[in-house]
Amino acid sequence: MKLYLVTKTLSVRQTRRQSSCFYLGIGRLLFKGDRPLLHTTWVALLAIILLASCNRSAEHGFHSSEEAFDAYADFLQTVKNTENITTGRLVELARKWYALDDSVASCIIRDSMKAHAPARQEIIHDSLRFYMGRLIDKRQWAFTDYLTIIESLNRVEVDTFSLPLVASAHRFYAGLDSVPTYGTNAEQTVALYQKMLERTLKDGFRSKADIITFLQEEDMAFRSFLKYLPVYGDIPLGDITVQTGKVIRHITDLSMKEQPLFHKEELVILLTVRNNRRLLQNALVCLDEIWRDRYIADSNRSTAYLWMLVQPWISFDELSYTLLSERQTDALHRLAKETSKATRKLKHSGFPLEVDELPALLIKAYITNIN
């Protein structure tokens with residue numbers, strides 16, 4: 001059965017821009033070496049699957065380009081003159097910006113005589129990016145603010161055909177919660193995890209059932225791994241990371257064959273649900289261990305815990321947020337409330353910036369790059 005795709009609503013101007021699920025400025029700041037596997041996989045699939053459908057209509061109904069530019073310039077002045085900003089007010093301004101920008105773009109398309117109109121729009125648009133960013137810099141933001149903004153402005157919607165697929169993916173993973181973990185110690189768990197990955201790479205995938213079996217085995221291995229998270233500072237884990245990347249890339253490559261085991265649309269949703277689950281499970285275990293003060297006194301482990309705590313915020317894109325289950329959404333709200341407080345207990349970490357500064361960076365990247 002073919003699984004239908006999630007519909008992403010984009011503006012007129014956004015269909016001309018390259019899709020991205022990762023904020024590049026933050027990525028360059030935070031990540032060393034290879035980018036997260038989710039980003040690599042997602043971009044590879046998005047390069048083929050067009051998730052664009054222009055469902056956002058122009059709201060203002062301008063009669064001429066001059067009228068549109070006058071309104072756009074007036075809005076720019078409003079943003080310039082705004083001094084105090086709340087989360088709700090920022091959401092309101094962003095919505096007005098996106099709707100107005102769409103309307104201006106639609107008006108330009110109709111007014112074919114205005115050869116220089118797109119350049120004028122770009123100038124105002126870039127000015128708005130600057131002044132919206134400056135407005136965001138005027139106050140301290142929290143992860144709860146960022147989550148509110150994402151939930152308010154997220155433009156990804158699940159179409160009616162994809163809803164059963166999303167529900168099925170969540171049922172699949174929810175059913176794995178009751179599957180017992182290895183029941184071994186930390187060293188044995190890592191060894192079993194590696195053997196499972198090695199066997200998978202050796203055998204490959206001949207059917208959809210083989211991929212499903214791997215996802216089941218991987219989930220068991222990952223949950224077994226998380227049970228001993230505090231002690232892994234002394235156990236090398238590089239092989240697991242590398243081998244997991246190879247397996248997921250192999251699955252992705254198979255979706256691009258002439259007769260794929262999974263259609264690309266299916267795989268986007270399935271891998272997104274998988275990554276949502278893993279990143280949240282990892283972050284929540286870190287959070288619990290921090291509150292218990294377990295094995296995190298040294299700098300290296302503190303840094304590792306901090307990275308794992310912020311991974312959901314850095315890695316999740318709009319589709320990731322849309323495909324969260326209700327239970328995962330509740331978990332993310334808990335993470336938003338507790339992340340900053342928990343990271344203050346992680347002393348002497350090698351994180352490249354203050355965690356309390358991260359929400360502002362995320363908000364600015366999301367607001368100013370969304371359009």
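Both backbone and side-chain heavy atoms feed into the values below; hydrogens, waters and symmetry mates do not.
The cationic group of K337 does not satisfy the cation-pi geometry with F143, failing either the under 6.0 Å distance to the six-membered ring centre or the 45° limit from the ring axis. Cation-pi check for R277 over Y173 is not met; the charged atom does not lie both under 6.0 angstrom from the ring centroid and within 45 degrees of its normal.
In this structure, the separation between CG on N282 and CG on L287 is 11.5 Å, given to the nearest 0.5 Å. E66 CD to D70 CG: the interatomic distance, rounded to the nearest 0.5 Å, is 6.5 Å. Between atom OG of residue S103 and atom CD of residue E67 there is a gap of 10.5 Å, rounded to the nearest 0.5 Å. Note that CZ of F222 is 4.5 Å distant from CZ of R278, once rounded to the nearest 0.5 Å. The OG atom of S127 lies 13.0 Å from the CE atom of M132; values are rounded to the nearest 0.5 Å. We find the CG-CD distance between L176 and E218 to be 10.5 Å, quoted to the nearest 0.5 Å.
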task = Give the C-alpha distance, both sets of side-chain angles, the deciding distance and a yes or no for side-chain contact (heavy atoms from CB on, under 4.5 Å) between V179 and Q216.
result = CA-CA 9 Å; V179 175; Q216 292 170 329; over 6 Å; no
request  = Check the pair D356, R344 against side-chain contact (heavy atoms from CB on, under 4.5 Å), reporting the backbone distance first and the verdict last.
outcome  = CA-CA 9 Å; D356 286 343; R344 294 187 190 108; 3.4 Å; yes
Stepwise side-chain contact (heavy atoms from CB on, under 4.5 Å) test for S315 and L279 = CA-CA 9 Å; S315 300; L279 289 176; 3.8 Å; yes
task = In sequence, state the C-alpha distance, the side-chain angles, and the governing distance for L358 and T339, and then conclude on side-chain contact (heavy atoms from CB on, under 4.5 Å).
result = CA-CA 11 Å; L358 185 56; T339 293; over 6 Å; no
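Using modelled atom types and a 3.5 Å distance limit, the side chains of S320 and D317 yield a donor-acceptor pair. When only modelled atom types and interatomic distance are considered, E187 and Y228 share no side-chain donor-acceptor pair under 3.5 Å.
Looking at R274 and L271, their side chains come closer than 4.5 Å, going by heavy atoms from C-beta outward. Contact annotation: the side chain of D210 never approaches that of F214 to less than 4.5 Å [non-hydrogen atoms, C-beta and beyond]. In this structure, the side chains of H250 and T200 stay at 4.5 Å or more apart for every pair of heavy atoms. Proximity of M308 to L229: side-chain heavy atoms (C-beta onward) are separated by under 4.5 Å at one or more points. No side-chain heavy atom of N81 sits less than 4.5 Å from a side-chain heavy atom of Y131. Between L76 and K80 the shortest side-chain heavy-atom distance falls below 4.5 Å. When side chains are defined from C-beta on, E92 does not count as touching T86, because their heavy atoms never get closer than 4.5 Å. Contact annotation: the side chain of K246 never approaches that of L197 to less than 4.5 Å [non-hydrogen atoms, C-beta and beyond].
No chain of hydrophobic side-chain contacts below 4.5 Å, direct or via other Ile, Leu, Val, Met, Phe, Trp or Tyr residues, connects I123 to L128. In the hydrophobic cluster analysis, where Ile, Leu, Val, Met, Phe, Trp and Tyr join through side-chain heavy atoms closer than 4.5 angstrom, I248 is grouped apart from V242.
Of all the heavy atoms in L90 and I85, the pair that sits closest is N-CD1, 3.5 Å. Among all heavy-atom pairs drawn from R129 and W97, the shortest one is CG-CH2, 3.7 Å. In plain terms, the two heavy atoms of A221 and Y182 that are nearest each other are CB-OH, 3.2 Å. Between L346 and S302, the closest heavy-atom pair is CD1-O, 3.7 Å. Between Y98 and I367, the shortest heavy-atom contact is OH-O, 2.9 Å. Of all non-hydrogen atoms in G133 and K364, the two that sit nearest each other are O-CE, 3.6 Å.
Within 6.0 Å of the CD atom in E326, the count of heavy atoms belonging to other residues, nucleotides or ligands does not exceed 12. Within a 6.0 Å radius of CZ in R327, other residues, nucleotides and ligands contribute 12 heavy atoms or fewer. When the shell of 6.0 Å around CG of D177 is examined, it contains more than 12 heavy atoms from other residues, nucleotides or ligands. Annotation: K341, atom NZ; neighbour count of heavy atoms from other residues, nucleotides and ligands within 6.0 Å does not exceed 12.
With S168 contributing its side chain and P164 its backbone, the two residues share no donor-acceptor pair below 3.5 Å. Side chain of T244 to main chain of T241: no donor-acceptor pair is present (N/O by atom type, distance under 3.5 Å, no hydrogens or angles). Put simply, the side chain of Q243 never gets that close to the backbone of L201: no donor and acceptor are under 3.5 Å apart. Using modelled atom types, one side-chain atom of D145 and one backbone atom of A142 make a donor-acceptor pair closer than 3.5 Å. Judged purely by atom type and a 3.5 angstrom limit, W141 has no side-chain atom pairing as donor or acceptor with the backbone of Y146. Between the side chain of H170 and the backbone N or O of V273, no donor-acceptor pair lies under 3.5 Å. A distance-only check finds a donor-acceptor pair linking the side chain of R95 to the backbone of S152 [under 3.5 Å].
Under the rule for a side-chain contact (heavy atoms from CB on, under 4.5 Å), the partners of A331 that lie at least two apart in sequence or sit in another chain are L284. Among residues two or more places apart in sequence or in another chain, the side-chain contact (heavy atoms from CB on, under 4.5 Å) test is passed with L163 by V158.
Contact check on K195 versus E217 returns no salt bridge, with no Lys/Arg side-chain nitrogen under 4.0 Å from an Asp/Glu carboxylate oxygen. Salt-bridge check for D288 with R334: passed, with a basic side-chain N closer than 4.0 Å to an acidic carboxylate O. A salt bridge does not link D253 with R249: every distance from a Lys NZ or Arg NE/NH1/NH2 to an Asp or Glu carboxylate oxygen is 4.0 Å or more.
Between L335 and the choices T144, L309, L147, the side chain to side chain contact (heavy atoms under 4.5 Å, CB included) rule is met once, by L309.
Ring planes of Y321 and F316: perpendicular class, angle over 60° (limits at 30 and 60°).
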